[in-house]
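Worth knowing before you read on, the calculation uses all heavy atoms, side chains too, and leaves out hydrogens, waters and symmetry mates. Predicted, not measured: the structure shown is a model, and the values here were computed from it. In what follows, chains are A, B, ... by sequence order, proteins preceding strands, each numbered from 1.
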Amino acid sequence: GAVVSQHPSRVICKSGTSVKIECRSLDFQATTMFWYRQFPKKSLMLMATSNEGSKATYEQGVEKDKFLINHASLTLSTLTVTSAHPEDSSFYICSAGGGGSGIQETQYFGPGTRLLVL
Amino acid sequence: AQSVTQLGSHVSVSEGALVLLRCNYSSSVPPYLFWYVQYPNQGLQLLLKYTTGATLVKGINGFEAEFKKSETSFHLTKPSAHMSDAAEYFCAVRIGGSQGNLIFGKGTKLSVKP
């Protein structure tokens, strides 16, 4: 199956710093990538949809200036958490669309990035 | 608004026993339904999906799920549990539209006892 990687897998940073998380589709091109946030014992919450070459579409309640998304190529999307605070600590997961089209498109998920803000 | 409900945040079965993980959804239009599995420290893997056609869907690792429109359900089953099935399972629904975002349930953690 298709492989999606994320880097780093785990990051610890100080409050006020910015952290960049990369999501790569390794063996397929993804015009659409999704960024999710997963809280402990909670479901995945979609943060934004990233489309190659255009601005990301953010879900209601997600601060676009705080969570910067860039989808510069068909295999790479980045999520930058700017001026991180302890409440931003979470598990961030990306997925990339691959195979099929439209509604039948299957999403392939990355392994996630654990962010801890001190 | 669309939503997904997974009954039981934690299910425990004995090895060799039937696995039944429940998922109900609410949607005003026919949804596309998915089950994902997440092993510890790993990303989500697609187990199976229902789009159209046959309502009984077979997936990987011996899992299957049946779409029942009248019950708005998409329960996941496996006849005989293996120790390796221990993981977190997420049901998700995807509604038609240009983006077709996935809406996830809260997940069910499956434990398998020897």
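When heavy atoms are compared at a cutoff of 4.5 Å, E88(B) does not approach chain A at all. When heavy atoms are compared at a cutoff of 4.5 Å, I93(A) approaches chain B solely by way of its side chain, counted from C-beta outward. For a residue to count as touching a neighbouring chain, one of its non-hydrogen atoms must lie under 4.5 Å from one of that chain's; by this rule Q6(A) does not touch chain B. Residue L46(B) touches chain A through its side chain alone, counting heavy-atom pairs closer than 4.5 Å. Using a 4.5 Å cut-off between heavy atoms, Y36(B) contacts chain A through its side chain alone, with no backbone atom that close.
Taking OH of Y36(A) as the start and CG of L44(B) as the end, the distance is 9.0 Å to the nearest 0.5 Å. Here the straight-line distance linking atom CG of L102(B) with atom OG1 of T49(A) works out to 10.0 Å at 0.5 Å rounding.
In the displayed structure, H85(A) atom NE2 is contacted under 6.0 Å by more than 12 heavy atoms of other residues, nucleotides or ligands. The environment of K66(A) atom NZ is dense: over 12 non-hydrogen atoms of other residues, nucleotides or ligands sit within 6.0 angstrom.
A chain of hydrophobic side-chain contacts below 4.5 Å, direct or via other Ile, Leu, Val, Met, Phe, Trp or Tyr residues, connects V19(B) to L33(B). The same ILVMFWY cluster, assembled from side-chain heavy atoms under 4.5 Å apart, contains both F63(B) and V11(B). Cluster annotation: I60(B) and M83(B) are assigned to the same hydrophobic cluster (Ile/Leu/Val/Met/Phe/Trp/Tyr, side-chain heavy-atom contacts under 4.5 Å, transitive). A continuous path of hydrophobic side-chain contacts links W35(B) to Y39(B) [ILVMFWY only; heavy atoms under 4.5 Å]. Under a hydrophobic-cluster definition in which Ile, Leu, Val, Met, Phe, Trp and Tyr are linked whenever side-chain heavy atoms come within less than 4.5 Å, directly or via other members, W35(A) and L74(A) are assigned to different clusters.
The most heavy-atom pairs under 4.5 Å with chain A, out of Q38(B), Q6(B), K109(B), Q45(B), come from Q38(B).
Minimum interatomic distance between F104(B) and S43(A) (heavy atoms only, all atoms of both residues): CB-OG, 3.0 Å.
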